[in-house]
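To start, the structure itself, in C-alpha cells.
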2 protein chains.
Amino acid sequence: MSTPLEKARKDPESMKARILDVARRIFGEYGFHGTTTRMIAQEVGIDISTLHYHWGGKKDLYESVVIDINKDLRQKLVEVEQEIHGLPLGERLDISIDMTTDYLFEHPEVSNLILFRYFGKTRSDGNLDAIIPEFTADIARSMGLARDKKNVQPETMMKVLAVMNSIHNFISGENFFRPMVKVDRERYIALVKETLKFILIPAFTQNEAI
Amino acid sequence: MSTPLEKARKDPESMKARILDVARRIFGEYGFHGTTTRMIAQEVGIDISTLHYHWGGKKDLYESVVIDINKDLRQKLVEVEQEIHGLPLGERLDISIDMTTDYLFEHPEVSNLILFRYFGKTRSDGNLDAIIPEFTADIARSMGLARDKKNVQPETMMKVLAVMNSIHNFISGENFFRPMVKVDRERYIALVKETLKFILIPAFTQNEAI
DNA sequence: CTATCTATCCATCAAACGATTGAATCGTAG
DNA sequence: CTACGATTCAATCGTTTGATGGATAGATAG
C-alpha cells in the first residue's frame, strides 16, 4: 500500500513530484485562497488539466502539500533529536535552534504553510487538522518537558508551541522583517538564531533540574 | 483635513463605520484573498455597490482596515506604557503582557490581520508596508532596550518582534491551539499569559542592569 | 414645489476561477 | 507495425469575483 504522495516522492523527476514541489512553494507564498491552480501549472510549465489529472482538485493538492510538509518537518526533528541526545538542556536547545533554523531557511515554505494553517481559515473547511500536530509531544519529550508521548500537560504543550512558533515567525516573516532591520540575508539568519537563543534558553534553563 | 477613515471613526453608527467594523472581522478571519466583498456586504446587510460607494475597491477597504487596526494597537500600547511607567522591568513586562493579551483577546482580528501582513502575500502588492511597523521602536523604548526612537539596533528590533509575535501567535491561533490543549477559553487565556511570562521574563531580566 | 445631493438597491458586466471533456502524443508490449 | 494505457494539451463549461451604471427613495436647500 503506497499513497500517491509516497509514490510521488520516490521519483523526484516525475510530473507528480514536480507539481507537488511547485505547489509547496506557491501555496506557501500566497496561502490557499491566494493561490490559483493556474499559477502552479504555469510555474511547472504544464496545462491546468494535467495538474487535475495528477492531483485532483485544488483542495486535494493542498492537503497533500500540507501532509508532505509536516512529514518533512517531523523527519527533520527526528534527525535533530538524534544529534542532541544526552546533552545538557542548554546545549540541546542551542543546537536544536541552529539546526532547525538552518533547515527552515532552506525550506521557508514549510514555515509559511504551517503558519497559514494556524492563523488562516479556509472558506470551506476540510478537517485535516487532527492529522498534523502530534509531534508537539515529540518535541516536549525531546526537551525533557514530558516523560512519554501521551498525557503531555497543557502547560507543556503551550511552551512547545511558543518555541516552534517563534522560530517559524522569523523564517516566514523574513520578507517583512528583514527590510525593517535593514540587514542582508546572512546577517538576518545570524540575528534570528541569536535572538531565539536570547529569548528561549534562559526560560528553560533557569531552574534546571536535569 | 480629515481622511475618510477618521470621519468613519467619529460616528460609529454611520454606514462607513459599520462596514469598516465588519471588514476588520472578515478580513481578519479569512485574509485578503479569502474574503469577498460580498461576504462583507452580506454581513453588514447591504448591497455590494453600497460598499463600493463608501470605500471604493476591495483593496482600498483592506488598506483602510490595516491602518485602522494599527492605529488601535498603537493607541493601546501608549495606554499600557502610561500604566507601567517607572516600574522595574520584570513588573513592566508582567503588566504589559496581561494588558496586551486581554486587549487582543477582545479584538483578535487585530492579531489576525497583523500576522496576515507579516506572513502572507497579496497577489498584487500594494506597498503600505512602510506606514505600519514604526511602533516597534516605541516598544523598544518602553522596554528599556533603546534610548530614543531613532537608531534602534537590529538586535533590539528583533527582540521586540519576537515578543510581539509570540503574543499575536497565541491570540490568532486560538482556534487551532485551544482544541489541541483541550481547555476552555478562560483557561486558555490564563495559559497564554502564564506561558508568555515563562518564556519572556527570564530573558529580559537575567542580566538586569536597570 | 422644485432642484440637488446623498445613500441605497437592482441588474449586469468582463475577467478570472476551478473543473471537465475529448482529442493528441508518447512509450512500450505483443 | 499495431494496440493500448498513460500522460499531456487545447478548448470550453458553469460559477464566482470585483466592479459599474442606472433607477429610486429620502433629506435638504432655495
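Note on naming: letters A, B, ... go to the chains in the order of the sequence lines (proteins, then strands), and numbering restarts at 1 for each one. Just so you know, these numbers use all the heavy atoms, side chains as well, and skip hydrogens, waters and symmetry mates. These figures come from a predicted structure and were not determined experimentally.
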Using a cut-off of 6.0 Å, state whether more than 12 heavy atoms not belonging to B:E155 lie near its atom CD.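 It does: B:E155 CD has more than 12 such atoms within range.
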So which nucleotide from C:dG18, C:dC9, D:dT17 ends up closest to the side chain of B:T36?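 The answer is D:dT17.
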Could you check which of C:dC10, C:dA19, C:dT8 has an atom nearest any side-chain atom of B:D47?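 My answer, after comparing the listed nucleotides, is C:dC10.
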Rounding to a whole Å, what distance do you find between [X]:[atom1] and [N]:[atom2]?
X: A:Y53; N: D:dT7; atom1: OH; atom2: P; value: 4 Å
X: B:K16; N: C:dA7; atom1: NZ; atom2: P; value: 9 Å
X: B:L51; N: D:dA19; atom1: CG; atom2: P; value: 10 Å
X: A:F32; N: C:dC17; atom1: CZ; atom2: C1'; value: 12 Å

Is the shortest heavy-atom distance from the side chain of B:L61 to the side chain of B:F27 under 4.5 Å?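 Yes, at least one pair of side-chain atoms sits under 4.5 Å.
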Position toward the 5' end of DNA chain D (nearest nucleotide), A:I46 or B:H52: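 Looking at the nearest nucleotide for each, A:I46 comes out on the 5' side.
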B:H54 vs C:dT8: side-chain N/O to OP1/OP2 distance below 4.0 Å: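 Looking at the OP1 and OP2 atoms of C:dT8, one of them is under 4.0 Å from a side-chain N or O of B:H54.
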Check whether any side-chain nitrogen or oxygen of B:T50 sits under 4.0 Å from OP1 or OP2 of C:dC9, and answer yes or no.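 Indeed, a polar side-chain atom of B:T50 lies that close.
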With a non-hydrogen cut-off below 4.0 angstrom, is B:G45 in contact with a base, only sugar-phosphate, or nothing?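 Sugar-phosphate, backbone atoms only, no base.
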Side-chain donor/acceptor contact of B:S49 with base of C:dC9 under 3.5 Å: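 Pair found.
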What I want to find out is whether A:D21 reaches A:R18 closely enough, with some N-O distance under 4.0 Å, to be called a salt bridge.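 Salt bridge flag = no for A:R18 with A:D21.
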Evaluate B:E43 against B:R24 for salt bridge (Lys or Arg N to Asp or Glu O under 4.0 Å), listing each step before the verdict. CA-CA 12 Å; B:E43 182 80 10; B:R24 276 174 67 137; over 6 Å; no
